[in-house]
Amino acid sequence: MKKRYIYIEEVDSTNHFLRDYQPEGEEMTIVYTDYQTAGRGQGTNRWESERGKNITFSILTHPHEIPVTKQFLLSMAGGMAVKDALDCYSTGFSVKWPNDIYWHDKKISGTLIETAISGKCINDCIFGVGVNINQQRFVSDAPNPISLFQILGRETNRMEIMHQIVECFDHHLSILEKVGYDKIRERYLRMLYRKEGIHEYVDSEGCFHALLKTVEDDGHLVLERSDGVLRRYAFKEVQFVV
């Protein structure tokens with residue numbers, strides 16, 4: 001797919017910028033910046049990123065024939081794209097539901113997908129990405145951040161990683177558009193953080209132990225509690241105890 005890259009030294013949010021952007025035709029547009037003044041993650045989460053040290057960017061694309069009922073598959077594709085790129089530099093990465101990227105038990109990347117609907121299909125998709133690349137120290141109250149610098153002990157080319165993520169996302173999107181839902185879903189499930197074993201979670205009723213069974217196409221996480229009961233959770237209804 002034809003791609004257009006736009007660099008902005010500082011912006012409130014690359015996702016916000018693309019909401020008002022009028023693309024030329026059906027091309028994929030990527031906006032990247034050295035610093036976001038209002039960057040955020042899922043829900044009310046904020047994203048800490050030192051100016052010029054990491055990659056913060058958003059991709060605007062126009063999926064073809066992806067039903068609204070399958071829109072979480074776009075989030076799956078996005079998380080997989082970030083993990084695929086980071087896998088080129090080290091091991092130990094996984095996708096933490098819904099779409100954060102973890103290195104063991106520490107968070108290296110957060111993503112945010114926003115979609116616009118036309119009829120029964122997705123018309124526009126904005127995929128926002130933040131990846132900790134060369135930041136050496138974190139000062140926010142985020143509980144478990146880590147950067148690629150802290151993993152490797154050296155700096156890495158930020159733009160090279162961004163381009164790798166974009167190409168991986170384009171590849172996964174082309175699979176989705178060919179109705180390769182099962183292929184995307186199965187690969188995402190294999191990449192999941194805590195995909196094996198019994199682990200601790202917490203919901204509105206308190207802490208419990210469960211086995212991660214699956215993630216549904218609408219984004220619900222399905223856990224099998226230690227008493228054998230299956231529970232479905234939407235985002236923010238359950239938390240991983242790390």
A.B. asks: Listing request: all ring pair (Phe, Tyr, Trp, His ring centres under 6.0 Å) pairs with a residue in residues 173-199, at least two apart in sequence or in separate chains.
C.D. replies: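 Found Y102-Y193, Y193-F240.
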
A.B. asks: Taking NZ, NE, NH1 and NH2 as the nitrogens, is one of them in R19 or E114 under 4.0 Å from a carboxylate oxygen of the other?
C.D. replies: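 Yes, charged N to carboxylate O under 4.0 Å.
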
A.B. asks: Identify whether the distance between the nearest side-chain nitrogen and carboxylate oxygen of K70 and D217 falls below 4.0 Å.
C.D. replies: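 Salt bridge flag = yes for D217 with K70.
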
A.B. asks: Evaluate side-chain contact (heavy atoms from CB on, under 4.5 Å) for Y89 paired with I161, printing each intermediate quantity in order.
C.D. replies: CA-CA 10 Å; Y89 298 87; I161 297 175; 3.4 Å; yes

A.B. asks: When you look at I59 and K3, which way does the side-chain contact (heavy atoms from CB on, under 4.5 Å) test go after all the steps?
C.D. replies: CA-CA 10 Å; I59 304 170; K3 300 175 181 66; over 6 Å; no

A.B. asks: Would a 4.5 Å heavy-atom cut-off, applied to side chains only, mark I122 and L74 as touching?
C.D. replies: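 Yes. Closest side-chain heavy atoms under 4.5 Å.
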
A.B. asks: Linking directly or through intermediates, with side-chain heavy atoms under 4.5 Å: list the remaining ILVMFWY members grouped with V202, chain and number order.
C.D. replies: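 V241, listed by chain and number.
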
A.B. asks: Salt bridge check, D170 against K2: does any charged N sit closer than 4.0 Å to a carboxylate O?
C.D. replies: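 Result for this pair is no, no salt bridge flagged.
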
A.B. asks: For T14, is there any backbone N or O sitting under 3.5 Å from a side-chain donor or acceptor partner on Q36?
C.D. replies: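 Yes, the answer is positive, given that a donor and an acceptor are paired below the 3.5 Å cut-off.
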
A.B. asks: Taking E237 for its side chain and A234 for its backbone only, find out whether a donor-acceptor pair lies under 3.5 Å.
C.D. replies: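 Yes.
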
A.B. asks: Any carboxylate oxygen within less than 4.0 angstrom of a Lys/Arg side-chain nitrogen, looking at D203 and R225?
C.D. replies: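 A salt bridge is present here (some side-chain N lies under 4.0 Å from a carboxylate O).
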
A.B. asks: Under 4.5 Å between side-chain heavy atoms, chaining through other members, with only Ile, Leu, Val, Met, Phe, Trp and Tyr counted: pull out the rest of the cluster around V229, sorted by chain and number.
C.D. replies: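 Members alongside V229: none; it stands by itself.
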
A.B. asks: Could you go through D87 and F93, starting from their C-alpha distance and side-chain angles, then the distance that decides it, and tell me whether this counts as side-chain contact (heavy atoms from CB on, under 4.5 Å)?
C.D. replies: CA-CA 7 Å; D87 281 343; F93 297 105; 3.7 Å; yes

A.B. asks: If you measure from the Lys or Arg side-chain nitrogens to the Asp or Glu carboxylate oxygens, is any gap between R231 and E224 under 4.0 Å?
C.D. replies: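 Salt bridge between R231 and E224, a charged N being under 4.0 Å from a carboxylate O: no.
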
A.B. asks: Could you give me the CA-CA distance, side-chain angles and deciding distance for I101 and K96, then say whether side-chain contact (heavy atoms from CB on, under 4.5 Å) is met?
C.D. replies: CA-CA 6 Å; I101 305 302; K96 178 178 171 288; over 6 Å; no

A.B. asks: Quickly, which of D34, N54, T33 forms a side-chain hydrogen bond (donor to acceptor under 3.5 Å, both in side chains) with S49? Name it, please.
C.D. replies: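 Of the listed options, the one satisfying the test is N54.
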
A.B. asks: Is the distance between the ring centroids of Y5 and H163 under 6.0 Å?
C.D. replies: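 Aromatic pair counts; centres sit under 6.0 Å.
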
A.B. asks: Would you mind checking if D182 and R187 are paired as a salt bridge, meaning a charged N to carboxylate O distance below 4.0 Å?
C.D. replies: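 The answer is no: the pair does not qualify as a salt bridge.
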
